[in-house]
Amino acid sequence: MKLSQFKQLTDFRWEIEPYGDMRVPGIIFASADLLRQMEDDVGRQLRAVASLPGIRGAALAMPDAHVGYGFPIGGIGVFDPAEGGVISAGGVGFDIACGVRCLRTGLHRDDILTVQEELADTLFAHVPCGVGSTGGIRLSTSEIDDMLKDGAKWAVRNGYGTQADLDHTEEGGRMPGADPSQVSDTAKKRQRDEMGTLGSGNHYLEIQYVEEVFDEKAATAYGLAEGDAVVCIHCGSRGLGHQIGTDYLARMLKAMPRHGIPVTDRELACAPAASELGQDYLGAMRSGINCALANRQIITHLVREAFAEVLPEARLSLIYDVSHNTCKEETHRVDGRERRLLVHRKGATRALPPGHPSLPHEYAKAGQPAFIGGSMGTASYILTGTQTGMDDAFGSICHGAGRAMSRKKAKASFRGREVIEKLHRHGIHIRTSSYKGAAEEAPEAYKDIDMVIDATTGADIASKVTRMRPLVCVKG
DNA sequence: ATGTCC
């Protein structure tokens, strides 16, 4: 993007001042280098979001932002339901509650290295992955409804994990307000055999080690020290979330004339949050959140089973689980007033600052751990929220490296087998169901994660706790 | 992201 269209606020904040239909400014958190790399369409999409009814504060984009369906991925849009504010299926994303959970293992990097190949094979055998993959769990219609209502709580009730896991999951593992009756039978049918599966694309299951600790106190609160091995799981709500997105995009688009919202872009289909359709979507989307939480909980159980076979001394305990594709009702101060607002985070991670009441008590001083996954083979980070991020970004930060190259271009530029062999030479063991997928996920197709993190912390909306490097990666 | 175009 051309920097001249922005008003530079700080080294890492750039504003598009309101013009035309924009109701609020657009603000991009990024370095000048990252902003120059960003597609022009991110600016166009941000201006479109800033023009939607009832938007509050500013339409925001994170340093990892790239073009998405309607809203940018790496975008935040906050709306006031009491004043005509909208909810948008494209503002949440198709993979509802896609997110990352990270577990301590009680093991050191060296413990993994001795069994690296065997562990990679065992994890790949235990956790189904790839497009259309199914698991060993078959749910009846009533079981699906229970799962959609209770999320990871349902999973733990059925033997997949512990109360301690729930205590370290966003919303305690259960998103309230889910209404499975608003989820189509098609969506439920698609999910029937897909619980406990990783999916495809940028989803992964990795064993990583802590390469560097930046914040000793916070790392200690999270139970981590240099050299520790961790497991990170990145996946979402599979076919169910995708179908909810598809169903409600069509319904919202059709209802826009009735709601008096002009259709400037079909991808920006939305409904007043207070309308019947808006409430129906909220009930369905929250069911999708619970599906993703249950899915990551079941995968955690499968990972524990895999470790028990190869490294029985491992003790996998959940540090935290946080989503980066959601719309949540939260209280924020805007224009000097506390309001209940609907916060769309699409490819943006919630990050609570130290002292926030929603934190598990042992993280009260450190703040919420937020997991930022790099591209395949590159570093991942644990960050924590700041009060500035709460005030200026509705408690939201980036979610990953962010694509720099389209999937199509990446597929034409790289060969999956070569990508995997190159990473293997660097000591990273990949197991994948798709070489084509591996080409699309080549590290070179993504932005530099270190640059994204430095821009996020430079803007003071997060602070660094640890950096991790992968040892094993199971990839859809 | 996705039964990657029912």
Side-chain angles (χ1 to χ4, degrees), chain A residues 45 64-75 88-100 128-135 137-139 144 183-205 233-250 266-267 269 281 284-285 287-289 291-293 295-296 299 323-327 344-349 373 375-376 398-412 416 432-442 445-446 474-476:
Chain A
Q45 291 193 323
D64 53 336
H66 56 104
V67 170
Y69 190 92
F71 284 48
I73 295 165
S88 164
V92 172
F94 279 83
D95 189 7
I96 295 166
C98 184
V100 180
C129 66
V131 176
S133 54
T134 55
I137 299 164
R138 301 281 177 274
L139 297 187
I144 285 186
V183 177
S184 68
D185 290 340
T186 312
K188 291 175 187 174
K189 200 173 163 192
R190 279 180 72 169
Q191 197 58 31
R192 208 169 42 189
D193 304 336
E194 287 195 345
M195 294 309 293
T197 65
L198 206 53
S200 64
N202 64 3
H203 291 167
Y204 61 76
L205 157 58
I233 300 165
H234 176 212
C235 64
S237 51
R238 306 286 287 110
L240 181 123
H242 190 269
Q243 189 63 46
I244 292 171
T246 305
D247 291 343
Y248 278 89
L249 261 160
R266 294 170 61 86
E267 295 187 1
Y281 175 67
M285 190 266 309
S287 305
I289 292 179
C291 176
L293 294 177
N295 193 35
R296 290 197 285 275
I299 291 172
S323 299
H324 49 236
N325 279 2
T326 58
C327 181
H344 296 71
R345 293 189 183 90
K346 181 184 187 183
T349 310
S375 51
M376 183 169 61
C398 60
H399 85 305
R403 292 200 78 86
M405 195 186 278
S406 69
R407 292 192 173 278
K408 198 175 166 185
K409 194 174 170 200
K411 220 161 26 187
T432 184
S433 61
S434 161
Y435 283 117
K436 182 166 72 72
E440 290 179 3
E441 293 295 320
Y446 279 83
V474 174
K475 194 84 183 158

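Below, chain A is the first sequence line, B the second, and so on; all start at residue 1. Quick caveat, the model's predicted, so the values are computed rather than measured.
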Subject >> Distance in angstrom units between A/H242 NE2 and B/dC6 P, rounded >> reply: 10 Å
Subject >> The single option from A/D95, A/T197, A/T134 passing side-chain hydrogen bond (donor to acceptor under 3.5 Å, both in side chains) against A/R238 >> reply: A/T197
**OP:** Take atom NZ of A/K408 and atom C1' of B/dT2, then tell me their distance rounded to the nearest Å.
**Re:** 18 Å
Original post:
Does A/R407 have a side-chain nitrogen or oxygen under 4.0 Å from the phosphate oxygens OP1 or OP2 of B/dT4?
Top reply: no
**OP:** Could you pull out all residues at least two apart from A/Y248 that satisfy ring pair (Phe, Tyr, Trp, His ring centres under 6.0 Å)?
**Re:** A/Y281
**OP:** Could you state the atom-to-atom distance from NZ of A/K436 to P of B/dT2 in whole Å?
**Re:** 12 Å
**OP:** Quickly work out the A/L249 CG to B/dT2 C1' distance and round it to whole Å.
**Re:** 13 Å
Subject >> From A/K189 atom NZ to A/S184 atom OG, the distance as rounded to the nearest 0.5 Å >> reply: 11.0 Å
**OP:** Would you please name every residue forming a ring pair (Phe, Tyr, Trp, His ring centres under 6.0 Å) with A/H234, sequence neighbours left out?
**Re:** A/H203, A/Y204, A/H324
**OP:** Take atom CG of A/D193 and atom C1' of B/dT2, then tell me their distance rounded to the nearest Å.
**Re:** 16 Å
**OP:** Starting from C1' on B/dT4, measure out to OH on A/Y435 and report it in whole angstrom.
**Re:** 20 Å
Original post:
How is A/G236 classified with respect to the nucleic acid when contacts are heavy atoms under 4.0 Å: base, sugar-phosphate, or nothing?
Top reply: nothing
Original post:
According to a strict under-4.0 Å criterion, is A/S200 in side-chain N/O contact with OP1 or OP2 of B/dT2?
Top reply: yes
**OP:** Rounded to the nearest angstrom, tell me the gap between atom CG in A/N325 and atom C1' in B/dT2.
**Re:** 13 Å
Original post:
Which part of the nucleic acid does A/G93 contact within heavy-atom distance under 4.0 Å: base, sugar-phosphate only, or nothing?
Top reply: nothing
**OP:** Mind calculating the distance between CZ (A/F94) and P (B/dT2) to the nearest angstrom?
**Re:** 12 Å
Subject >> Residue mapping more 5' on DNA chain B - nearest nucleotide basis, A/R403 or A/V131 >> reply: A/R403
